[in-house]
Participant: 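A single structure is presented below for examination.
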Amino acid sequence: LNATDNFAIIGGDGATELFSVDSASSPAGLLNGPSLAWTAFTPAVYQGGASPLTISNNSKWLRIGKLLHYRIEFSITDATNAVANQVIFISHQLPAAHRPVVVGGGSHGGNGLIYRVGVQWLHVGVILTDSQSMYLMENRGNNYAGANATAFTLANNDVISLHGFFEVA
């Protein structure tokens, strides 16, 4: 879209509303700033233990209406706090106004990859278990990444790259 383009959104009630790319002329809260800029954030990453791992971060989010798109990308710079063969847990640290709606015990929130440098690639799904927590599930059965079927310990330089979207309350 260009700065002069318009687009329509059809709501659940069937009503159509016309918007412009320029957020100044759009309804309040529809766009995240002029030119749809992504907002950087830093998630806290754990593998067992009470202290987060140290990461080199490149994570961002973009909200359009009640839909929040995210890209979580980081490499491990210090894996000292990783506990062997434990579940990987991410606290996204998003502001309260931008947290997901979670149905029941968990909702699908996206997909991604874990690259264990020189060892393997794992394809994972993101499970939102509450408004602040993300768990990574291996895409082969009911197995949490880091434990269960492919048990491993995150190490320095390992990379996690996740993307997805969810409804905001």
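Start at 1 with the first residue, then count along the sequence.
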Participant: To the nearest 0.5 angstrom, please state how far the CG atom of Leu53 sits from the OG1 atom of Thr80.
Facilitator: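 That separation rounds to 8.5 Å.
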Participant: Nearest heavy-atom pair of Tyr70 and Gly109: which atoms, and what distance?
Facilitator: OH-O, 2.6 Å
Participant: Quick one: CZ on Arg116 to CG on Asp158, what's the gap to the nearest 0.5 Å?
Facilitator: 6.5 Å
Participant: Which heavy atom of Phe166 sits nearest to which heavy atom of His98, and what is that distance?
Facilitator: CE1-O, 3.6 Å
Participant: Under the side-chain contact (heavy atoms from CB on, under 4.5 Å) test, which residues partner Phe41, sequence neighbours left out?
Facilitator: Pro43, Ser59, Trp61, Ile72, His92, Leu94
Participant: Are Val168 and Val126 connected in a single hydrophobic cluster, I mean Ile/Leu/Val/Met/Phe/Trp/Tyr linked by side-chain heavy atoms less than 4.5 Å apart?
Facilitator: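 Yes, Val126 and Val168 fall within the same hydrophobic cluster.
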Participant: For Asn85 and Thr153: C-alpha separation, side-chain torsions, deciding distance, then whether side chain to side chain contact (heavy atoms under 4.5 Å, CB included) applies.
Facilitator: CA-CA 5 Å; Asn85 306 327; Thr153 306; 4.3 Å; yes
Participant: Is Val101 isolated, or which residues cluster with it under the ILVMFWY side-chain rule of less than 4.5 Å, directly or via members?
Facilitator: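 Grouped by the 4.5 Å side-chain rule, Val101 forms a cluster of one, so the answer is none.
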Participant: Residues in side-chain hydrogen bond (donor to acceptor under 3.5 Å, both in side chains) with Ser107, at least two apart?
Facilitator: none
Participant: With sequence neighbours left out, write down each residue that passes ring-ring contact (aromatic ring centres under 6.0 Å, His included) with His69, or none if nothing qualifies.
Facilitator: Phe165
Participant: Determine whether Val87 and Tyr135 satisfy the following criterion, side chain to side chain contact (heavy atoms under 4.5 Å, CB included), listing intermediate values before the conclusion.
Facilitator: CA-CA 8 Å; Val87 173; Tyr135 286 88; 3.5 Å; yes
Participant: When rounded to the nearest 0.5 angstrom, what distance separates OG1 in Thr39 from CG in Leu62?
Facilitator: 7.5 Å
Participant: Which heavy atom of Ala97 sits nearest a heavy atom of Arg63, and at what distance?
Facilitator: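 The pair with the smallest heavy-atom distance is O-NH1, 2.9 Å.
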Participant: Do any pairs count as a salt bridge (Lys or Arg N to Asp or Glu O under 4.0 Å) and have a residue in residues 73-85, sequence neighbours left out, and if so which ones?
Facilitator: Arg71-Glu73
Participant: Residues two or more places apart in sequence or in another chain: which of them pass side-chain hydrogen bond (donor to acceptor under 3.5 Å, both in side chains) with Thr42?
Facilitator: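 side-chain hydrogen bond (donor to acceptor under 3.5 Å, both in side chains) list for Thr42, sorted by chain: Asn57.
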Participant: Please answer whether the main-chain N or O of Phe152 pairs with a side-chain N or O of Gln47 as donor and acceptor at a distance below 3.5 Å.
Facilitator: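 Checked: pair present.
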Participant: Looking at Leu154, Val124, Leu113, which hits side-chain contact (heavy atoms from CB on, under 4.5 Å) with Ile160?
Facilitator: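 The side-chain contact (heavy atoms from CB on, under 4.5 Å) with Ile160 is passed solely by Leu154 among Leu154, Val124, Leu113.
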Participant: Please name all residues satisfying side-chain hydrogen bond (donor to acceptor under 3.5 Å, both in side chains) with Ser51, sequence neighbours left out, ordered by chain then number.
Facilitator: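 side-chain hydrogen bond (donor to acceptor under 3.5 Å, both in side chains) list for Ser51, sorted by chain: empty.
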Participant: Say whether, by atom type as modelled, one donor and one acceptor occur between the side chain of Asn156 and the main chain of Ala79 under 3.5 angstrom.
Facilitator: yes
Participant: How long is the span from the CG atom in Asn58 to the CZ atom in Phe74, to the nearest 0.5 Å?
Facilitator: 11.5 Å
Participant: What is the distance from atom OG1 of Thr77 to atom CD1 of Ile55, rounded to the nearest 0.5 Å?
Facilitator: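 Taking OG1 in Thr77 and CD1 in Ile55, the distance rounds to 7.5 Å.
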Participant: Let me confirm one number: the CG-CE distance from Leu128 to Met134, rounded to the nearest 0.5 Å.
Facilitator: 5.0 Å
Participant: Could I get the full list of side-chain hydrogen bond (donor to acceptor under 3.5 Å, both in side chains) partners for Ser133, not counting sequence neighbours?
Facilitator: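 Testing Ser133 for side-chain hydrogen bond (donor to acceptor under 3.5 Å, both in side chains), a comparison that skips the adjacent residues, returns Asp130.
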Participant: Taking side-chain contact (heavy atoms from CB on, under 4.5 Å) as the definition, give me every residue that meets it alongside Val83, ordered by chain and number, with sequence neighbours left out.
Facilitator: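 Partners of Val83 under the side-chain contact (heavy atoms from CB on, under 4.5 Å) test: Gln86.
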Participant: Side chains of Leu162 and Ile90: closer than 4.5 Å at any heavy-atom pair?
Facilitator: yes
Participant: Please list, chain by chain and in numerical order, all residues satisfying ring-ring contact (aromatic ring centres under 6.0 Å, His included) with Tyr46, sequence neighbours excluded.
Facilitator: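 Partners of Tyr46 under the ring-ring contact (aromatic ring centres under 6.0 Å, His included) test: Phe89.
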